[in-house]
There are 2 protein chains.
Amino acid sequence: MSNTQNNKKITAKGRETKDKIFRTAVELFSKNGFYGVSIRDITSAINIKESSLYHHYLSKEDLINDIYFYFAENIDATRLTDAQIDSILAEHDGHSLLQKCLQEFRGVMEQPLMAMAWRIISMQQYRDDKAFEILSIDFHRMRIKYYENIFRTLVKRRIIKALDPKLLAFEYFYTLIGMLTEYNVLKFLKRKTQVMENLMNEHIEFFWNKIKNS
Amino acid sequence: MSNTQNNKKITAKGRETKDKIFRTAVELFSKNGFYGVSIRDITSAINIKESSLYHHYLSKEDLINDIYFYFAENIDATRLTDAQIDSILAEHDGHSLLQKCLQEFRGVMEQPLMAMAWRIISMQQYRDDKAFEILSIDFHRMRIKYYENIFRTLVKRRIIKALDPKLLAFEYFYTLIGMLTEYNVLKFLKRKTQVMENLMNEHIEFFWNKIKNS
DNA sequence: GTCTATAGGAGGATAGAC
DNA sequence: GTCTATCCTCCTATAGAC
C-alpha cells in the first residue's frame, strides 16, 4: 500500500475516504485510462476537494501503484491448491480439472475490481515498467508455472500423454489469455461475449482431446 | 488518409513535411503513448512550429487516425497467396508452410513503422473504439480467416487430420499472437527476446505434431 | 481530515503576417 | 507552407485556515 499514512493516525473516516478514492480511481482509470482521468475527475465524483486526496495519496502515481499492488496481491487467489486438485482428480477426469481451473480463474478475474485493475495494468504495460513486470511476471509467468505443475501431475499419473509440461502450459495458457483478453474488452464495450465464451470452452475441449491418454 | 488537404495543392515540400510529421508521431506515440506525447513534442522534434502541423493535420486525432489507416492498409501484405501456398506444399510439407507463414508475418510486422503502429493500436484499443475495431476485426479476425483457409486446404489434401479448420485457426493464432505481443514488448524494452522466439518455434512444432496425419 | 485559494506549467488549437 | 504571437482550458500539486 502507499506510504502516505506512515506517520499518521488512521481514523475510520480516513480509511473510508481512502477506500472511496481507490475504488473510484479504479473505475475511472479502467474506463478512460490513467492519462484520461484527472485528480479532479476522481475527487469531484466523490465530492471531496483535490487537496483532500493528497492527504491520502502522495501523488497520482502513488494512487495507481496502489492499484497495481491490489492486483498483484489478489492474483494469487486464483489457484487451486494441490489438495483441491487431488480431490477433483479423485472424483472426475483431467478434463473436468481444466474446466474447474478456468472457472476458478474467471471467478476471481471477473470480480469487478479485479477486472478493472487487470484492464488498467494491461493499458499501462506499454508505458510503465512496473505494470509490465506485474503482468508478465506476477501474472503470466506464475500462472504458466501453475499450469505446468498441473500438467506435470497429469503426466505423472498417466492421465495425459508424456509431453513436456512446460510446453503444454505455454500452449494452453497463451490461447486462453488471448481469448480472455478479447472477452474482457468486449464486456467493457457492452458487446456480446457469447462467441468468446464458446471459444474458451472449445479450446479446453480441443486441447484436452489432443493430450489425453486414450 | 486525413482529409486536411482535400482542397489544397500538395507540393513536394508539403508531402515531405507531412511524412516527417507522420513518422515522428509514430515513433513518439509508440514510445510514450498518445496521451504522453504533445503536439509540441512532435513539432519540436522536427523543427517546425505547432501551427505548421495544423496545416497538414486537422487535429491530434486526425493524426492518429492516419496511423490506424496505415496499419490497417499494410496488414494485408502479410498474406501468402493461394499460388504461393500451393508451390510451398508442392516442394515441402505442411510444417514448412506454417513456418513460412510465420516468417512472412513477422517480416511485415517487424518493419519498424508497422511494429510501432501495432504497438500504438494495441495501447489505444482500450480507449478508442476505432483502434479496437481494427485490431479485432481487420487484424485478428481476418488473420484467423486466413489461417482457417490454410488449415482447410491441409485437411482437404489429407496432410493433417480431419479437424475443424476454424477451431484450428483460433487455437493456432491466439497462441502465436500472445507470444508475439510479449515478444514485441520485450523488444521495445530492449530486453532479451530469445525465449519468446524459441517459444514461437516450439509452438509451431507442437501444434504441427498434434495435427499432422501420420 | 477537509476545506479555500492559488501557484505554475503544459496542453490543443487558431489568427493573421509573410 | 511556415512563421510569430496568443488564447484559454485543464492539469498536478501545495500552503495554510478551520
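Lettering follows sequence order; numbering is per chain, from 1.
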**Report entry** Nucleotide C/dA13, atom C1' - distance to CD1 of B/Ile42 in whole Å
**Finding:** 14 Å
Query raised in the report: Whole-Å distance between D/dA13 P and A/Leu53 CG?
Result: 9 Å
Query raised in the report: Are B/Arg119 and B/Phe188 in a cation-pi contact, defined as NZ or CZ under 6.0 Å from the six-membered ring centre and within 45° of the axis?
Result: yes
**Report entry** Nearest-nucleotide pick for B/Ile39, side chain only, options being C/dG12, D/dG1, C/dT2
**Finding:** C/dG12
Requested in this report: Report yes if a side-chain nitrogen or oxygen of A/Thr17 is closer than 4.0 Å to either non-bridging phosphate oxygen (OP1 or OP2) of C/dG1; otherwise report no.
Outcome: no
Query raised in the report: Within a strict 4.5 Å, meaning less than it, do heavy atoms of the A/Tyr172 and A/Ile204 side chains meet?
Result: yes
Query - Six-ring centre of A/Phe22, A/Lys18 cation under 6.0 angstrom, axis tolerance 45° - result: no
Query raised in the report: OP1, OP2 of D/dT4 versus side-chain N and O of B/Lys49: anything below 4.0 Å?
Result: yes
Report task. Measure from NZ or CZ of A/Lys145 to the centre of the six-membered ring of A/Tyr147, then state whether that distance is under 6.0 Å and the direction lies within 45° of the axis. Result -> no
Report task. Answer yes when A/Arg141 and B/Glu182 have at least one side-chain N-carboxylate O distance shorter than 4.0 Å, and no when they do not. Result -> yes
Query raised in the report: With A/Thr78, which of A/Arg106, A/Arg143, A/Glu104 fulfils side-chain hydrogen bond (donor to acceptor under 3.5 Å, both in side chains)?
Result: A/Arg143
Query raised in the report: Side chain of A/Arg40: nearest nucleotide among C/dG11, C/dG1, D/dC10?
Result: D/dC10
Query raised in the report: Over how many whole Å does the gap from A/Glu50 atom CD to D/dA15 atom P extend?
Result: 16 Å
Query raised in the report: Is a donor-acceptor pair below 3.5 Å formed from side chain B/Ser51 to base D/dC3, judging by atom type as modelled?
Result: yes
Query raised in the report: According to a strict under-4.0 Å criterion, is B/Lys13 in side-chain N/O contact with OP1 or OP2 of D/dG1?
Result: no
Report summary line: From NE2 of A/His56 across to C1' of C/dT2 the rounded distance in Å is 8 Å
Query raised in the report: Within less than 4.0 Å of OP1 or OP2 of D/dT14, is there a side-chain N or O belonging to A/His55?
Result: no
Requested in this report: Taking only heavy atoms on the protein side, list every residue of residues 21-36 of chain B lying under 4.0 Å from any atom of DNA chain C, sorted numerically.
Outcome: none
Query raised in the report: Using a cut-off of less than 4.0 Å, is there contact between a side-chain N or O of A/Ser38 and OP1 or OP2 of D/dC11?
Result: yes
Requested in this report: Would you tell me if any nitrogen or oxygen in the side chain of A/Ser52 comes within less than 4.0 Å of OP1 or OP2 on C/dC3?
Outcome: yes
**Report entry** Whole angstrom value for the distance that separates P of C/dG12 from CG of B/Leu58
**Finding:** 15 Å
Report task. Mind calculating the distance between CG (A/Asp62) and P (D/dA13) to the nearest angstrom? Result -> 10 Å
Query - Presence of A/Tyr54 side-chain N/O under 4.0 Å of D/dA13 phosphate oxygens OP1/OP2 - result: yes
Query raised in the report: Would you say the side chains of B/Gln194 and B/Asn198 form a donor-acceptor pair under 3.5 Å?
Result: yes
